[in-house]
Amino acid sequence: MTAKIAYDDVQVGAELPARTFPVTRATLVQYAGASGDFNPIHWNEKFAVEVGLPDVIAHGMFTMAEAIRVVTDWAGDPGAVVEYGVRFTKPVVVPNDGKGATIEVSGKVAAKLDDNTVRVDLTAMSAGQKVLGMSRAVVRLA
């Protein structure tokens, strides 16, 4: 597979379609099973509060994975992402209220690079707070 977006058709400043991702306690249990990360801060409210967290929090790698979906959906090929990194700035707090939390992700083409690649900067927010910092992906386009 290759990216469906052509390098020549992309301009610096172009915004990627934003997405909102729901996160519930069930989502966290499913992710724990898939990843093998059963740390109780991700499913046990009592434990999370005892260690100083406001409530159960989403896995950092889960948050990171949800954010990059904005890029892979835009590019049309997950294999087009050649580099990706973030800094975790705030946790995604997931209350046990039947609603859970949301992660709102937007992206913008920040630079056109060599070899048909672009740098995309992402913004990931939850409950009005930035949850990922320096969230950047390098994507090889068609």
Side-chain angles (χ1 to χ4, degrees), residues 1-45 47-49 51-142:
M1 293 179 71
T2 59
K4 296 178 181 176
I5 304 292
Y7 179 83
D8 291 337
D9 294 340
V10 173
Q11 301 301 319
V12 171
E15 293 188 15
L16 282 61
R19 297 266 319 262
T20 298
F21 301 99
V23 187
T24 65
R25 295 282 178 95
T27 309
L28 299 182
V29 171
Q30 291 168 338
Y31 183 81
S35 69
D37 181 353
F38 293 101
N39 187 322
I41 64 172
H42 303 304
W43 58 269
N44 184 318
E45 184 174 334
F47 184 85
V49 171
V51 298
L53 295 168
D55 205 332
V56 164
I57 63 170
H59 304 72
M61 296 305 284
F62 171 81
T63 304
M64 189 177 174
E66 291 291 76
I68 197 64
R69 288 176 59 188
V70 167
V71 176
T72 60
D73 288 352
W74 171 72
D77 177 11
V81 176
V82 296
E83 186 178 317
Y84 178 45
V86 305
R87 289 190 181 157
F88 300 105
T89 57
K90 298 277 184 190
V92 175
V93 178
V94 184
N96 192 21
D97 62 1
K99 297 177 192 171
T102 58
I103 304 168
E104 300 91 24
V105 183
S106 60
K108 185 181 290 192
V109 176
K112 291 184 86 168
L113 309 171
D114 296 331
D115 198 23
N116 281 15
T117 60
V118 296
R119 189 186 88 218
V120 175
D121 291 351
L122 296 167
T123 300
M125 307 283 290
S126 184
Q129 295 190 319
K130 195 173 188 179
V131 295
L132 298 177
M134 299 294 291
S135 184
R136 296 179 173 169
V138 175
V139 185
R140 180 164 289 114
L141 301 178

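If you're wondering where the values come from, they're calculated on a predicted model, not measured in any experiment.
Nearest approach of Val105 to Ala67, heavy atoms of both residues: CG1-O, 3.7 Å. Shortest non-hydrogen contact noted between Ala3 and Ala142 is O-CB, 3.4 Å. Heavy atoms only, all atoms of each residue included: Phe88 and Gly60 are closest at CE2-O, 3.1 Å.
Using a 4.5 Å heavy-atom threshold, the side chains of Leu113 and Val138 count as touching. Side-chain contact between Asn44 and Phe38 is absent, with no heavy atoms from C-beta onward closer than 4.5 Å. Side-chain contact between Val81 and Val71: present, with at least one pair of heavy atoms (C-beta onward) separated by less than 4.5 Å. No side-chain heavy atom of Lys90 sits under 4.5 Å from any side-chain heavy atom of Lys130. Side-chain contact between Val139 and Val82 is absent, with no heavy atoms from C-beta onward closer than 4.5 Å. Considering only heavy atoms from C-beta on, Asp55 stays 4.5 Å or farther from Val94 through its side chain. You'll find the side chain of Arg140 reaches within 4.5 Å of the side chain of Asp115, heavy atoms only.
Put simply, OG1 on Thr63 and CD1 on Ile103 are 4.0 Å apart, with the number rounded to the nearest 0.5 Å. Remark: Leu122 CG to Ile68 CD1 distance equals 5.5 Å, nearest 0.5 Å. Atom CE of Met61 sits about 9.5 Å away from atom OG of Ser35, to the nearest 0.5 Å. One distance of note links OH of Tyr84 with OG1 of Thr72; it measures 9.5 Å at 0.5 Å rounding. Atom CG of Asp37 is separated from atom CG of Leu28 by 10.0 Å, given to the nearest 0.5 angstrom. Distance check, rounded to the nearest 0.5 Å: OH of Tyr7 to OG1 of Thr117 gives 6.5 Å.
Ring orientation note: the planes of Tyr31 and Phe62 are nearly perpendicular, at an angle over 60° on the 30°/60° scale.
Thr102 places no side-chain N or O within 3.5 Å of a backbone atom of Phe21 that could act as its donor or acceptor partner. Using a distance-only test at 3.5 Å, with no hydrogens or angles considered, no donor-acceptor pair links the side chain of Asp73 to the main chain of Gly76. Asn39 contributes no side-chain N or O that, together with a main-chain N or O of His42, makes up a donor-acceptor pair within less than 3.5 Å.
Judged by distance alone, the side chains of Glu104 and Ser106 never bring a donor and an acceptor atom under 3.5 Å apart.
Surrounding NZ of Lys112 are more than 12 heavy atoms belonging to other residues, nucleotides or ligands, all under 6.0 Å away.
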- [ ] Evaluate salt bridge (Lys or Arg N to Asp or Glu O under 4.0 Å) for Asp77 paired with Lys4, printing each intermediate quantity in order.
- [x] CA-CA 7 Å; Asp77 177 11; Lys4 296 178 181 176; over 6 Å; no
TODO: Could you please spell out the steps behind the salt bridge (Lys or Arg N to Asp or Glu O under 4.0 Å) verdict for Asp121 and Arg136?
DONE: CA-CA 5 Å; Asp121 291 351; Arg136 296 179 173 169; 3.6 Å; yes
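Salt bridge annotation for Glu45-Arg25: present, with a cationic side-chain nitrogen under 4.0 angstrom from a carboxylate oxygen.
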